[in-house]
Amino acid sequence: MELYLIRHGESETNAAGIHSSWQQVSLTEKGVEEARRVGERLLREIPFDKIYASDLRRAMQTAETALPGAGYETTPLLREINSGAISGKTAEQCEAEFGPQYYVNKTVHNYTPYGGENAPEVLARVTQFLNLVRDSGLERVAAFTHAGILRAALSVVTGMPLSRLGVCCPNCAVAVFTYGEDCWRLRQWNP
Amino acid sequence: MELYLIRHGESEINAKGIHGGWFQASLTQKGIHEAEEAGKRLLHGQEFDRVYSSDLIRARQTAEAALPGVTYEVTPLLREISVGALENRSADECFAEYGKPYFAHKALHNYRPYGGEDAGDVCTRAAEFLRLTESAGGERILAFTHEGFMRAMMNVICGTPYVRGLVTTPNCAAAVFVFRDGAWSLLRWNP
């Protein structure tokens, strides 16, 4: 089976350099265009059995724009990593309020100091979603989600550390995973 | 700076499903065709400041089929992991000679007992090639190489464990890494 994870298009908070977290922010015009393009270029020809989306607006809008009329099921499992008190703030504001340790925490997605999630919690949540998809018996699934979730899936599947370093995850990046012989593998990253 | 790594096309070793290592296996007809297709699909229209290839014949043949007439530099840094005495031999033959320990060594990619390399050795070479690339400069670099080397690069840049990395690397798979703000990251896998 194949699982396509798609990061949402540019959101208003992405454009403003603000942590989005669980806020319900919309796509910018550029984000809408990115979603349309990834649908056209990569996704529309693929016969997906089921489409999921994070229940955050930017992911839902990306699903609707990339695959218009396709219908999807939302799930909070696919939400971005909850970054707690740094949500809605810029990097400069966070450094001023929380000190330079903020940069370290942000890099490794450790938001426990800010009342948010940490890496093990996100990896558990993503593992839960991967198991759900694995056990569904479906052949081809798409899930519109967030950078943290794409990275977390990569981490769960390949064993790499969950980090902002080492892997680029632009808006509308696509990660393709396959399940076979009792394990998940990465087949493509950002094709 | 961008670094493109391309795995060679199908070799006689791949077709037989036996250990390759530093054995000088040639491309099959299929492998030549794969290389030509990869050249057209991925590389034509791109300008590379520098082209490298592993000095093993299957990588060189891939370079020449993908980019006819290209000038390239060979380096043993880009070679596949050496499997020492297991070269050009099937798993059955190896098990017959070495018994159960062979399976453990193979699973851990530790070929040192056979006079070959282990994961650490290949990762050291990958890191060395990365430093060489950085100091040589240029905007876009291309290197024809092998699965083990690409796995090692994923370890060096992304932290993916060499022995676990469940990353699909078919013949002529490509990886694109980007150097930005003083750090390398994976941009694309198998586009």
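Convention: sequence-line order gives letters A, B, ...; per-chain numbering from 1.
Criterion: ILVMFWY side-chain heavy atoms under 4.5 Å apart, direct or through other members. Under it, A:Met1 and A:Leu154 are part of a common hydrophobic cluster. Cluster annotation: A:Ile46 is not connected to A:Val141 through the hydrophobic network of ILVMFWY side chains, with a link wherever side-chain heavy atoms come within less than 4.5 Å. In the hydrophobic clustering of ILVMFWY residues, with side-chain heavy atoms under 4.5 Å counting as a link, A:Ile51 and A:Met60 come out together. A:Val126 and A:Leu132 fall within the same hydrophobic cluster, where Ile, Leu, Val, Met, Phe, Trp and Tyr residues are linked whenever their side-chain heavy atoms come under 4.5 Å apart, directly or through other members. Transitive grouping of hydrophobic side chains (ILVMFWY, heavy atoms separated by less than 4.5 Å) brings B:Val167 and B:Met150 into a common cluster.
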Here's a test: name every donor-acceptor pair under 3.5 Å between chain A and chain B, with the distance for each.
unit_1: A:Val156; atom_1: O; unit_2: B:Arg164; atom_2: NH2; d: 2.6
unit_1: A:Val157; atom_1: O; unit_2: B:Arg164; atom_2: NH2; d: 3.2
unit_1: A:Gly166; atom_1: O; unit_2: B:Leu186; atom_2: N; d: 2.8
unit_1: A:Cys168; atom_1: N; unit_2: B:Leu186; atom_2: O; d: 2.8
unit_1: A:Leu186; atom_1: N; unit_2: B:Leu166; atom_2: O; d: 2.9
unit_1: A:Leu186; atom_1: O; unit_2: B:Thr168; atom_2: N; d: 2.9
unit_1: A:Leu186; atom_1: O; unit_2: B:Thr168; atom_2: OG1; d: 3.2
unit_1: A:Arg187; atom_1: O; unit_2: B:Asn190; atom_2: ND2; d: 3.1
unit_1: A:Gln188; atom_1: NE2; unit_2: B:Asn190; atom_2: O; d: 2.8
unit_1: A:Trp189; atom_1: N; unit_2: B:Trp189; atom_2: O; d: 3.0
unit_1: A:Trp189; atom_1: O; unit_2: B:Trp189; atom_2: N; d: 2.9
unit_1: A:Asn190; atom_1: O; unit_2: B:Arg188; atom_2: NH1; d: 2.8
unit_1: A:Asn190; atom_1: ND2; unit_2: B:Leu187; atom_2: O; d: 3.0

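The choice from B:Leu187, B:Ile157, B:Val176 that makes the most heavy-atom pairs within less than 4.5 Å of chain A is B:Leu187. The choice from A:Cys169, A:Cys168, A:Ala175, A:Pro170 that makes the most heavy-atom pairs within less than 4.5 Å of chain B is A:Cys168.
Under the side chain to side chain donor-acceptor pair (under 3.5 Å) criterion, A:Gln101 pairs with no residue at all, not counting sequence neighbours.
The ring pair (Phe, Tyr, Trp, His ring centres under 6.0 Å) analysis of residues 12-44 of chain A, with sequence neighbours excluded, yields the pairs A:His19-A:Tyr102. Within the structure, side-chain hydrogen bond (donor to acceptor under 3.5 Å, both in side chains) contacts touching residues 66-79 of chain A (residues at least two apart or in different chains) are A:Lys50-A:Glu73, A:Asp55-A:Arg79, A:Glu64-A:Tyr72.
Heavy atoms closer than 4.5 Å to chain A are found in the side chain of B:Val178, but not in its backbone.
A:Gly166 and B:Cys158 get closest at one heavy-atom pair: O-SG, 3.3 Å.
Atom CG of A:Leu186 is separated from atom CG of B:Leu186 by 8.0 Å, given to the nearest 0.5 angstrom.
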